[in-house]
J.: 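This structure is in structure tokens; I'll ask about it shortly.
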Amino acid sequence: MTRAVLLRALTKNKFVASNIPRSLSVTNLSRCISTLILAEHESGSIKAQTVSTVVAAGSLGESSTISLLLAGSGSSLHEAAAQAASCHPSVSEVLVADSDKFEYPLAEPWAKLVDFVRQRGEYSHILASSSSFGKNILPRVAALLDVSPITDVVKILGSNEFIRPIYAGNALCTVRYTGSGPCMLTIRSTSFPVTPISADSQSKKATISQIDLSKFKEDSVSRSRYVGQSTQDTERPDLGSARVVITGGRALKSVENFKMIEKLAEKLGGAVGATRAAVDAGYVPNDLQVGQTGKIVAPELYMAFGVSGAIQHLAGIKDSKVIVAVNKDADAPIFQVADYGLVGDLFEVIPELLEKLPEKK
């Protein structure tokens, strides 16, 4: 009886429902999704991680608008902007900040820029890839806006509900964002593969707009400064997007021995990776590290030589299509996740592979 009376009272008093802010309506939220993506570019080209982030943004809502933010200076910036305008049909606008202040991707000026753009665009979501670029800038932006970012998102369930790995990838956590400010996400690019775009879609280009920086104010004192950038002069594919990855561990014992991994990668047309132990031992530079504290990879073929299979390393390779492991320890954890395993001495296995594999065409 009491329940029936309460229901009739709520039905008659329409003011009860009208007092609920429309901004809290889930339906209204899905219609007002506006996403700003921090675009990473180099030498006049948009990086693949940014396009994967665009793919992820498309899962936020059917009618969401996506804007790409590019910053830098010189002709390479405008070349990258032209490519960004046609990189994916979901992109509706490309915002360009052309200034010497953004010549290098330092966190302080970039964070101020994102806040500057957000105040004029009223974006509901701000996204970046889970690369060193995104991990460097987005947390600082979140601190400026006093919001809590959601990092390393692997699946988007809705405009405010996401899945991210925890415990080095051994478990998945569903996170619901309830903050009042913009929802800020870093996206694991390997979880959002880019599908080939049809010729009709490629003809659609987003509008390119120059940001008016006349009122942009940068901090007079910066806590970081650009020192330099070093890149390896190699014809091998990029580790983060390679179809084939050949990884070596500490069992290779020296820099000279690690060259066997490089020769095998050349034969297979793949990229070279390394475990943290191999990097710490000085066999290869740290930009080749694969794992939770290195690069997350998802190749079609992942070959591990002398890799024991530490938890932090497995967290970076679990999305690989096929994993092949070679280790002389039959109880190595790597065999628990490998599709194919060989218990043997890598100093015998690799030379035999180099001898029998045909040269790359």
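Computation of the quantities below employed the complete heavy-atom set of this structure, encompassing side-chain atoms and omitting hydrogens, waters and symmetry-equivalent molecules.
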J.: To the closest 0.5 Å, what do you measure between OG1 (Thr53) and CG (Leu185)?
T.: 10.0 Å
J.: From Leu353 CG over to Glu355 CD, what is the distance, rounded to the nearest 0.5 angstrom?
T.: 10.0 Å
J.: Side chain of Ser99, backbone of Phe102: donor and acceptor closer than 3.5 Å?
T.: no
J.: Between Gln312 (side chain only) and Gln292 (backbone N and O only), is there a donor and an acceptor less than 3.5 Å apart?
T.: yes
J.: If every non-hydrogen atom of Gly309 is compared with every non-hydrogen atom of Pro333, which pair is closest and at what distance?
T.: O-CB, 3.5 Å
J.: I'd like to know if the side chain of Asp152 pairs up with that of Ser130 as donor and acceptor (distance under 3.5 Å, no hydrogens or angles considered).
T.: yes
J.: CE/Met303 to CG/Leu268 distance, rounded to the nearest 0.5 angstrom?
T.: 6.5 Å
J.: Run the ring-centre check on Phe305 versus Phe258 and record whether the distance is less than 6.0 Å.
T.: no
J.: Please say whether more than 12 non-hydrogen atoms of neighbouring residues, nucleotides or ligands are located less than 6.0 Å from CD in Glu122.
T.: no
J.: Treating Ser52 as the side-chain partner and Phe192 as the backbone partner, does any N or O pair qualify as donor plus acceptor under 3.5 Å?
T.: yes
J.: Sub-3.5 Å donor-acceptor pair from the side chain of Ser73 to the main-chain atoms of Asp98, do we have one?
T.: no
J.: Is a donor on one side and an acceptor on the other found under 3.5 Å between the side chain of His125 and the backbone of Met184?
T.: no
J.: Shortest non-hydrogen contact from Tyr123 to Ser34?
T.: CD2-OG, 3.2 Å
J.: Do side-chain atoms of Thr50 reach the backbone of Glu40 as a donor and acceptor pair under 3.5 angstrom?
T.: yes
J.: Hey, could you give me the OG/CD distance between Ser241 and Gln49, rounded to the nearest 0.5 Å?
T.: 7.0 Å
J.: Below 4.0 angstrom, N of the basic side chain to O of the carboxylate: do Lys356 and Glu352 qualify?
T.: yes
J.: Going from OG on Ser67 to CG on Leu69, what distance comes out if it is rounded to the nearest 0.5 angstrom?
T.: 9.0 Å
J.: When you check the gap from the basic side-chain N to the acidic O, do Arg118 and Asp115 get nearer than 4.0 Å?
T.: yes
J.: Tell me whether the count of non-hydrogen atoms from other residues, nucleotides or ligands lying under 6.0 Å of CZ in Arg276 goes above 12.
T.: no
J.: Which pair of non-hydrogen atoms, one from Leu113 and one from Ala71, has the smallest distance, and what is that distance?
T.: CD2-CB, 3.6 Å
J.: Taking the side chain from Asn327 and the backbone from Ala332, do they hold a donor-acceptor pair closer than 3.5 Å?
T.: no
J.: Side chains of Gln289 and Thr293: do they bring a donor and an acceptor to under 3.5 Å?
T.: yes
J.: If the threshold is 4.0 Å, N to carboxylate O, is there a salt bridge linking Glu300 and Lys321?
T.: no
J.: List the atom of Val91, the atom of Ala84, and the distance in Å for their closest heavy-atom pair.
T.: CG1-O, 4.3 Å
J.: For atom NZ of Lys135, decide whether the heavy atoms of other residues, nucleotides or ligands shown that lie under 6.0 angstrom number more than 12.
T.: yes
J.: Taking only Lys NZ, Arg NE, NH1 and NH2, and the carboxylate oxygens of Asp or Glu, determine whether Lys328 and Asp345 approach each other closer than 4.0 Å.
T.: no
J.: Taking atom OH as the centre, does Tyr226 end up with more than 12 heavy-atom neighbours from other residues, nucleotides or ligands that are less than 6.0 angstrom away?
T.: yes
J.: Please answer whether the main-chain N or O of Ile246 pairs with a side-chain N or O of Tyr302 as donor and acceptor at a distance below 3.5 Å.
T.: no
J.: Does Ser43 form a side chain to side chain donor-acceptor pair (under 3.5 Å) with Ser45? I'd like the steps, not just the answer.
T.: CA-CA 6 Å; Ser43 302; Ser45 298; over 6 Å; no
J.: Please report the closest heavy-atom contact between Asp319 and Ser191, naming both atoms and the distance.
T.: OD2-OG, 4.0 Å
J.: Answer with yes or no whether the side chains of Arg250 and Thr275 bring together a donor and an acceptor at under 3.5 Å.
T.: no
J.: Looking at Val290, is its backbone amide N or carbonyl O close enough to the side chain of His313 to form a donor-acceptor pair, meaning the two atoms are under 3.5 Å apart?
T.: yes
J.: Quick one: does any side-chain atom of Lys267 pair with a main-chain N or O of Leu354 as donor and acceptor, under 3.5 Å?
T.: yes
J.: Ignoring hydrogens, what is the shortest heavy-atom contact between Lys112 and Leu144? Give both atom names and the distance.
T.: N-CD1, 4.2 Å
J.: A cation-pi test, strictly: NZ or CZ of Arg120 under 6.0 Å from the centre of the six-membered ring of Phe116 and no more than 45 degrees from its axis. Yes or no?
T.: yes
